[in-house]
4 protein chains.
Amino acid sequence: MLLRLRPATDSSLRAPLLKLAEELGYSVRFLDSERSLAELTPRAEPGLAGAAHRSKFEDLTAVAAVLSSPESRELTQGGDGQPDSVVKIGAARFGGGHFSLIAGPCAVEDAASLRSIAHAVKASGAGVLRGGAFKPRTSPYAFQGLGAEGLDLLRAVGDETGLPIVTEVLDPRDVELVASKADALQIGSRSMSNAALLKTVAQSGLPILLKRGLAATVREFLLAAEYVLSEGNPNVILCERGIRSFDPTTRNLLDLGCVAHLKQVTHLPVVVDPSHAAGRAELVTPLAKAGVVAGADGLIVEVHPNPALVHSDGAQALSPEAFDTLAKSAQTLAALEGKTLALPQAPSPQASPEELKA
Amino acid sequence: MLLRLRPATDSSLRAPLLKLAEELGYSVRFLDSERSLAELTPRAEPGLAGAAHRSKFEDLTAVAAVLSSPESRELTQGGDGQPDSVVKIGAARFGGGHFSLIAGPCAVEDAASLRSIAHAVKASGAGVLRGGAFKPRTSPYAFQGLGAEGLDLLRAVGDETGLPIVTEVLDPRDVELVASKADALQIGSRSMSNAALLKTVAQSGLPILLKRGLAATVREFLLAAEYVLSEGNPNVILCERGIRSFDPTTRNLLDLGCVAHLKQVTHLPVVVDPSHAAGRAELVTPLAKAGVVAGADGLIVEVHPNPALVHSDGAQALSPEAFDTLAKSAQTLAALEGKTLALPQAPSPQASPEELKA
Amino acid sequence: MLLRLRPATDSSLRAPLLKLAEELGYSVRFLDSERSLAELTPRAEPGLAGAAHRSKFEDLTAVAAVLSSPESRELTQGGDGQPDSVVKIGAARFGGGHFSLIAGPCAVEDAASLRSIAHAVKASGAGVLRGGAFKPRTSPYAFQGLGAEGLDLLRAVGDETGLPIVTEVLDPRDVELVASKADALQIGSRSMSNAALLKTVAQSGLPILLKRGLAATVREFLLAAEYVLSEGNPNVILCERGIRSFDPTTRNLLDLGCVAHLKQVTHLPVVVDPSHAAGRAELVTPLAKAGVVAGADGLIVEVHPNPALVHSDGAQALSPEAFDTLAKSAQTLAALEGKTLALPQAPSPQASPEELKA
Amino acid sequence: MLLRLRPATDSSLRAPLLKLAEELGYSVRFLDSERSLAELTPRAEPGLAGAAHRSKFEDLTAVAAVLSSPESRELTQGGDGQPDSVVKIGAARFGGGHFSLIAGPCAVEDAASLRSIAHAVKASGAGVLRGGAFKPRTSPYAFQGLGAEGLDLLRAVGDETGLPIVTEVLDPRDVELVASKADALQIGSRSMSNAALLKTVAQSGLPILLKRGLAATVREFLLAAEYVLSEGNPNVILCERGIRSFDPTTRNLLDLGCVAHLKQVTHLPVVVDPSHAAGRAELVTPLAKAGVVAGADGLIVEVHPNPALVHSDGAQALSPEAFDTLAKSAQTLAALEGKTLALPQAPSPQASPEELKA
């Protein structure tokens, strides 16, 4: 471990560093005459303690930065011959050369429209159905989703179509309920830094679709994933959905440099959400295509049969017809990128249409 | 209610608007020949439904903006002769002409240092003791706070010194525990958009110190407060603590325009956290003073007897001596602004020093 | 013209509006009882004065926004059946279904390396050679380019290879010199808001490659182009090159939503600069490909035979071999997008190699 | 000089570094076994070449950062016992314990209103008159200022009142004209990165009021000042005027952390422009006061007798009465900060009122 130290007017600032190093079993060597760089060598094999130790040193006032930390390897870290992870949601696969489409309405509204969307997106090649039952909203007076009733609708339509379902969970106290219905759990942008929620969803064992916070750096995004992985759940799909910028032209600013960067530094799969980035239907398809050739292992797209009637985020939903066009383009480009497309399964027989009458 | 509509190529987009207006009991009149502006007049007295109706119209795709909404008044809204709210934490008062100081360590570490800080900041005029028992951290490997043990230390030192205590809660499942120990609950920046947590802390009935999210607009900040107020808890103190920008010169960018604006649009008190904004001790005092003359009703400042030993955020903590200087300047400026300073209470007798030996 | 007015406590604020409308020949009608919306109808045909009138109304304090302005059409505006513009640099064509590649070193360094790069990128399909003779630098002590000597080298290598050349001009006093050597003039990000420079380059009559400012909104970007077009020069190519964000992961944040949006609102061609956005060679190709499928009519890429020796921006330059791979991918994707590729011309015979000895 | 090197997969990346060090006369020593840190020691006294050398090393691909550079001192750098600079505009003084107010209209409109404003702000204690003759505008169709006629009005009113005048210059070709009329030259935000303009105004020898670019880091701001100082003109006043953020609540986000930081790292005086930051008159005074206690050596404020009639930026102009209140508060706070207030001079006798009739 190599530490860059802050310029010290007072050498007493270094005392806590020397004390901590002693406690944790490191020998310290200053590399320059100004004592601004310190090399720490563990006296014994550091093992899994490496990352925890690094964090303790980072916490010291005297330490400006930990320049490199070859002995500790974060769980999200890729490269060095490590194969890319393949994360499965039902039969859909993401990463390691596999590409899948997730599609569905922003919010679950009623059985008829959800079923209609699900059949349509499946026919276009989507491998996972999305839909919000619990909706995060900025205002307490905005539509907050159908809740448990929405989960039941999702489950029934998922069973009818054979599509696995992913839906957002907002409250650690809801995780057990949502996990009993869904095939994968979504952590939304507003929740990316919610460590209590991250740990709780991790313990469900389900695959986690983790959306980047709207002002999170890529480093913070990876550390949020690290919260899930460090609880023993390796099934994280990272989702770039645009970040906040000074320009209101698009709803958010899709950061495809983040996607290209992630594909180099982590073994986890990455999907792109062009709908929330664009905020307007006419920009969704170009951004979706751009995401695929920037390296994404999948897309998550909002679809609604009648965008004008949508309760939330209607302006960015695609019609089923527009999604079909997008899906064909995405599949062509993914194939050009050398990726295998996960095909949706045949409908499972156990779901009875009668359950779906609303 | 006046609605600005999106340019419509297809008049069917307007159908859901007309349908919704019909259902909710509004008559619609288009104000221009292009039908881009619609005035909605309620057929009966809208009462409390106003804000909920507004949210439904905002959700329609055809609606670009609700231009004004004179019949609905948000609970955070000030002006029009409404007096400013005074929020009390113990004997400390914020708002309505009252000014108080909150001070303490970033994280609670041990009884001795917490007690030493508490006595020092009280002697300098602080009216509330702060300290983190549950710490939000970006990395799962960083120090996460002492938890319940830290709460007990805070309570004991609060009782000994007579200072009320405020501490952060991160998980809705911890609210009951934290509320049983603390005099006020802090919602941190990372949690500002966590509606589940906001509703749960609101139900505790304790005063809520609500920090602005690091990429939240002032509007979103007020809507987070609205979540608390709409649960029936009027005791919210808004805290500006700097937002994220492109420039790493300071840790965050303190937005005093936000403070000046809030003092005009809401009746709630506003405090400034110069420590998290500055990120470096030498910038804390100038920003604290600036906050006071921009209109703040209080300050929240990190203090530590030995900043070099701090587990987290050490670089921004003030020594007790530096805090004493800051407090004197802040009090002079607050008095110039015509504000009354809340003086700390005498120590309460019931706390026995024996409880504090660690 | 429809004006949204600020809420007025004092009706005297409206007086200047009424006076200006009277002077310019508009009748005013308030559309609502609060007088917050005013419709202005010209008494005669407004003709070209429309945009100038709009600007005068925008300048009034009482006016919050000009909501629509159907009678004035900005010169950059597309749609409504107007065909996309095709801008030519030499034989290379941008826009209207034509796609071209611009490539070359960040800064011109010497004849041998420039010639080597030029021949290589031409062989890979580049239609225009780029290279900086006058370099904008943040520090007065950084390398500022070779100046006039660099221009001569560019001209000679352009003549030898038959590639037209584009180079940046920074000072209005240099425009005559640079325009005498170059086939197109580049306005860099730092200069996008430099109206004096925009007007002067416009008057050269050469095609202008206009880069987006690093914190410019898309609207400001288009208004910078409007400065050029309003001087009578229709040959503007817009270049998205990434904007500034809070995240240092990439050098700038490539805004492909901007590209998709521009392709819908303006008839001008749009190119993408993945090199300055990425800041690191390994991210250039994914971002370049993403730019093509987001709608770009061309790419501008930094190429250097020995990136480690580059005086400025070395980390983001591609080797000629990497550029060749990028060019092939870009051409495949552009063809998929239905675009015609401009092929580079045969070398022009008039350039004598003797001129190039340095 | 200490260089942090990029991780090198290929040792040939280091060759240019070793070659450059050899040429410039430095010996190189690697400080760690991974060769990621290199110490460069000049074989002879580096003298003034230090900064230039640093820039050459910064340009190398292999170099990630120059960690410290004790032997080169930038001209803007303060500290180490160097006294703060005092910059004079006429009799007004900024810095080194002196505080002054600059006030006037955004744009010069006519003699009568300019004269009225000038007399009013002088009576309130302003030491310098500001006013725009050449206005930077985003749209080519917006009011661009009166130009040379505006300069003549400013000069005449300055002479009549005895107030020195500062006005913006946008084009290097106008510097000679503007410098012949004005007492100080303003470089606007849009021009902060315009090196050609910075060098040309520096050569005028007049004091330069340098505004921070709207997305410039503090480091870039100081390097823009370095362009002026390195041309031999030490008279630079830095002006913080707010930066661009994601929140439209205020026009720009006033960065008082920048002001506090600048007062510690540079000897140059710093003023605050609360008008452009706020964008709304009611926020100007709180931000102005905050600027003073954050450490500013002066303020620059927009004043107009009839804000509703202003051609540009009217919403943020103060009335003379509001400015008088602001000035009194600012003077009280500046005195509390231990600063000496520059008092305006008596009117100079040579200006005849007859010259001013418009």
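In what follows, every chain begins at residue 1, and chains take the letters A, B, ... in the order their sequences are listed.
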Could you look at C:Ala277 and say if it's the side chain, the backbone, both or neither that has a heavy atom under 4.5 Å from chain A?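 Neither part.
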
Proximal component of C:Ala215, with respect to chain A [non-hydrogen, under 4.5 Å]: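 Both backbone and side chain.
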
Residue selection (most heavy-atom pairs with chain C, distance under 4.5 Å) from [options]:
options: A:Gly295, A:Ala290, A:Gly291; answer: A:Ala290
options: A:Pro248, A:Ala278, A:Gly279, A:Ala216; answer: A:Ala216
options: A:Leu254, A:Val259, A:Ile243; answer: A:Ile243

I need the minimum non-hydrogen distance between A:Leu333 and C:Leu336, along with the two atoms involved.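 Heavy-atom minimum between the residues: CD2-CD1, 3.9 Å.
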
Please report the closest heavy-atom contact between A:Gly257 and C:Leu287, naming both atoms and the distance.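 That would be N-CD2, 3.6 Å.
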
Looking only at N and O atoms, which donor-acceptor pairs between chain C and chain A are within less than 3.5 angstrom?
unit_1: C:Arg212; atom_1: NH2; unit_2: A:Asp247; atom_2: OD2; d: 3.1
unit_1: C:Val218; atom_1: N; unit_2: A:Asp247; atom_2: OD2; d: 2.9
unit_1: C:Asp247; atom_1: OD2; unit_2: A:Arg212; atom_2: NH2; d: 3.1
unit_1: C:Asp247; atom_1: OD2; unit_2: A:Val218; atom_2: N; d: 2.9
unit_1: C:His261; atom_1: ND1; unit_2: A:Arg280; atom_2: NH2; d: 3.0
unit_1: C:Gln264; atom_1: NE2; unit_2: A:Glu282; atom_2: O; d: 3.2
unit_1: C:Arg280; atom_1: NH2; unit_2: A:His261; atom_2: ND1; d: 3.0
unit_1: C:Glu282; atom_1: O; unit_2: A:Gln264; atom_2: NE2; d: 3.2
unit_1: C:Lys289; atom_1: NZ; unit_2: A:Glu337; atom_2: OE1; d: 3.4
unit_1: C:Lys289; atom_1: NZ; unit_2: A:Glu337; atom_2: OE2; d: 2.7
unit_1: C:Glu337; atom_1: OE1; unit_2: A:Lys289; atom_2: NZ; d: 3.4
unit_1: C:Glu337; atom_1: OE2; unit_2: A:Lys289; atom_2: NZ; d: 2.7

For C:Ala260, give me all partners under side-chain contact (heavy atoms from CB on, under 4.5 Å), at least two apart in sequence or on another chain.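 A:Leu283, A:Pro286.
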
